[in-house]
K.L.:
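The structure that follows is given in the form of structure tokens.
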Amino acid sequence: MEAKQSFYRKLPKVELHAHLNGSISQSTIYKLIKYHKDKNKTDFVLPEAWQVSIAKGEQRSLEDCFDIFKLIHKLVDDTNAVKMVTRDVVQEFAEDGVRYLEIRTTPRANTQNGMSKTAYIDAVLAGVGEALSGDSDIIVKLLLSIDRRQSFQDAINTVELASQYRDKSPPHCSVVGVDLSGDPSAGDIPELVPALTQAKKNGLKLALHVAEIVNNKDTESLLALLPDRIGHGTYLLPSKGGCQQFVDMVQQHKIPIEMCLTSNVKGRTVAGYLDHHFKYWYDANHPISVCTDDKGVFASDLSDEYSIVAQTFGLSNEEVWTLSEAAIDQCFASDTTKQQLKRIWKDNKPCSSN
Ligand code: 5GP
């Protein structure tokens, strides 16, 4: 059993769907609480660490999950905190055997301490730099998130920021695209579509949360943009309330889907691991990647997620290896970086991975 677990830890992995503030470990949450206590001037009640993570076996409504992010955002409210959590999150992914990480985050301003959205992004890039200056062996890219609740003006501002940062990114971490996330039951998608269209025109990659709940109108509008990757895609299938046209379109354009099993089970958008849509898309040989979504909130790292996938759907070590390697082609990275990653997988492959 221990050898089995060490297989998932040693497995080189690609993480394509990780929200920065959802990925904060409990140990970093304790550091944040201490940081605020030391500052001694919070205008809010500090949360307890257990309030921002959903333990094994527990579940919450999706609404409750979004309330957790509000608590975390209170803790990560200045550039010192943003830099610290970014450094820790990147280091933890590296320690878990992740060799390529795309982290996504919603730029946030705080008028109370003068943090602007650009200062937020600079702090994230500085945090990545600190993590990489240690011995973390990981390639990191950044996506800027648009929250569905935001206005067109906010969304287009994020697109402009992403374009500017893409052009002037530091060598250690480039901004490669835009994510659309936030409470799937909120927001006005037709208002945001022109901003997402502009992102595409600017040459940014689009990773969009699509069909996280049943809302076929939004799904239709978002699929029409032909995103470069889909987050979740839980309700695309007709059997789940989606429709065949969605499935045909995703298959025809081979749009990769980011699968976040524990997030979907703990957030109750799927009934259980066995009911997860992973099986449909895996059996259809469609490009998919295994992801954590929010490793802190859902208390599950990427090795855990691979182990769960293997146990739930009976994948051999060889099949798990192939699944992890296939995610390389779904990265928002240059062909040179993809070749570099493929060499790492080749060099690390056990003689028999079973
Ligand atoms: P941040 O963008 O602040 O780094 O990460 C937290 C944010 O990511 C949340 O406030 C929310 O907008 C988004 N997020 C995290 N997990 C999920 C998820 O499972 N679904 C959706 N739609 N958004 C999420």
Side-chain angles (χ1 to χ4, degrees), residues 15-24 28-29 32 52-54 59-79 81-86 88-90 93 101-110 115 117 120-121 123-125 127-128 142-150 154-155 158 161-162 175 177-187 189 192 207-215 218-219 222 227 229-235 257-270 276 291-300 305:
E15 170 64 84
L16 299 180
H17 189 130
H19 298 269
L20 176 63
N21 286 297
S23 300
I24 305 172
T28 305
I29 292 288
L32 285 167
V52 295
S53 182
I54 307 170
Q59 291 183 341
R60 306 276 172 87
S61 67
L62 209 51
E63 207 185 335
D64 289 345
C65 294
F66 283 97
D67 283 342
I68 294 180
F69 296 121
K70 288 184 198 148
L71 284 181
I72 296 174
H73 285 158
K74 285 184 174 180
L75 286 173
V76 187
D77 69 344
D78 66 20
T79 51
V82 173
K83 189 161 75 165
M84 174 172 73
V85 301
T86 308
D88 286 7
V89 163
V90 171
F93 273 114
L101 166 67
E102 281 175 22
I103 197 94
R104 54 186 77 189
T105 194
T106 324
R108 242 175 327 118
N110 184 349
M115 178 171 73
K117 288 187 180 181
Y120 180 97
I121 300 167
V124 171
L125 294 171
V128 175
L142 182 63
L143 304 177
L144 298 186
S145 302
I146 294 169
D147 190 310
R148 292 175 56 114
R149 282 179 191 272
Q150 289 178 328
D154 283 327
T158 302
L161 285 171
V175 174
V178 163
D179 154 64
L180 175 75
S181 52
D183 186 345
S185 61
I189 291 303
L192 298 180
L208 308 181
H209 285 59
V210 177
E212 214 175 340
I213 58 173
V214 183
N215 183 337
D218 281 359
T219 300
L222 294 172
R229 286 199 315 255
I230 288 173
H232 301 293
T234 317
Y235 293 93
I257 307 179
E258 303 149 357
M259 302 280 174
C260 312
L261 279 82
T262 296
S263 161
N264 299 154
V265 169
K266 288 194 172 180
R268 295 200 194 118
T269 54
V270 301
H276 201 275
C291 306
T292 52
D293 204 6
D294 300 287
K295 75 175 178 60
V297 171
F298 298 115
S300 187
E305 290 302 293

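If you read the sequence from its start, that first residue is 1, and numbering goes on from there. Remember, it's 1-based here, ligands and their atoms both numbered in the order they're listed.
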K.L.:
Check each atom of ligand 1 against the heavy atoms of Asp147 and keep those under 4.0 Å away; list them by number with element.
P.N.:
12 (O)
K.L.:
Would you say the rings of His17 and His209 are close, in the sense that their centroids are separated by under 6.0 Å?
P.N.:
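Yes; His17 has its ring centre under 6.0 Å from that of His209.
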K.L.:
To the nearest 0.5 Å, tell me how far Ile72 CD1 sits from Asp77 CG.
P.N.:
13.0 Å
K.L.:
Considering only the protein, which heavy-atom contact is closest to atom 16 (N) of ligand 1, and what is its distance?
P.N.:
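Going by distance alone, atom 16 (N) of ligand 1 is nearest to Asp294 OD2, 2.7 Å.
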K.L.:
Minimum distance, heavy atoms only, to atom 6 (C) of ligand 1: which one of Phe298, Phe69, Tyr120, Phe66 is it?
P.N.:
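The option holding the nearest heavy atom is Phe69.
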K.L.:
Tell me the protein heavy atom at minimum distance from atom 19 (O) of ligand 1, and give that distance in Å.
P.N.:
Asp293 OD2, 2.7 Å
K.L.:
Any idea which atoms of ligand 1 are less than 4.0 Å away from a heavy-atom of His232?
P.N.:
19 (O)
K.L.:
Of the choices Arg108, His19, His209, which has the non-hydrogen atom that lies closest to atom 7 (C) of ligand 1?
P.N.:
His19
K.L.:
Judged by modelled atom types alone, do Tyr120 and Thr105 share a side-chain donor-acceptor pair under 3.5 Å?
P.N.:
yes
K.L.:
Atom 3 (O) of ligand 1: which protein heavy atom is closest, and how many Å away?
P.N.:
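Scanning the protein heavy atoms, the shortest distance from atom 3 (O) of ligand 1 goes to His73 NE2, 2.7 Å.
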K.L.:
More than 12 heavy atoms of other residues, nucleotides or ligands under 6.0 Å from CZ of Arg149: is that the case?
P.N.:
no
K.L.:
With no hydrogens and no angle check, just 3.5 Å: does a side-chain donor-acceptor pair link Glu305 and Ser300?
P.N.:
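Yes - a donor-acceptor pair under 3.5 Å links their side chains.
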K.L.:
Give me the residue, atom name and distance of the protein heavy atom closest to atom 20 (N) of ligand 1.
P.N.:
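It is Glu212 OE2, 2.6 Å.
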K.L.:
Taking only heavy atoms of Thr105 into account, list the atoms of ligand 1 that are under 4.0 Å away from them.
P.N.:
1 (P), 2 (O), 4 (O)
K.L.:
Any ion pair linking Glu102 and Arg229 (charged N to carboxylate O, less than 4.0 Å)?
P.N.:
yes
K.L.:
Are the side chain of Asp78 and the backbone of Ala81 linked by a donor-acceptor contact shorter than 3.5 Å?
P.N.:
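Yes; judged by distance alone, with no hydrogens or angles, the pair exists.
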K.L.:
Can you list the ligand 1 atoms lying under 4.0 Å from a non-hydrogen atom of Asn21?
P.N.:
1 (P), 3 (O), 4 (O), 5 (O)
K.L.:
May I ask which of Pro184, Gly182, Gly187, Ser181 has a heavy atom nearer to atom 22 (N) of ligand 1 than the others do?
P.N.:
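When every heavy atom of Pro184, Gly182, Gly187, Ser181 is considered, Gly182 comes closest to atom 22 (N) of ligand 1.
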K.L.:
Below 4.0 angstrom from a heavy atom of Leu20, which ligand 1 atoms are there? Numbered from 1 as shown, please.
P.N.:
4 (O)
K.L.:
Of the options Asp293, Thr292, Asp294, which is the one that meets Ser263 in a side-chain hydrogen bond (donor to acceptor under 3.5 Å, both in side chains)?
P.N.:
Asp293
K.L.:
Between Asp183 and Arg148, does any NZ, NE, NH1 or NH2 come within less than 4.0 Å of an OD or OE carboxylate oxygen?
P.N.:
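Judged by the 4.0 Å cut-off on N to carboxylate O distance, Arg148 and Asp183 do not form a salt bridge.
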K.L.:
Identify, by atom number and element, the atoms of ligand 1 in contact range of Thr106, meaning under 4.0 Å from any of its heavy atoms.
P.N.:
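Here the atoms of ligand 1 in question are 1 (P), 2 (O).
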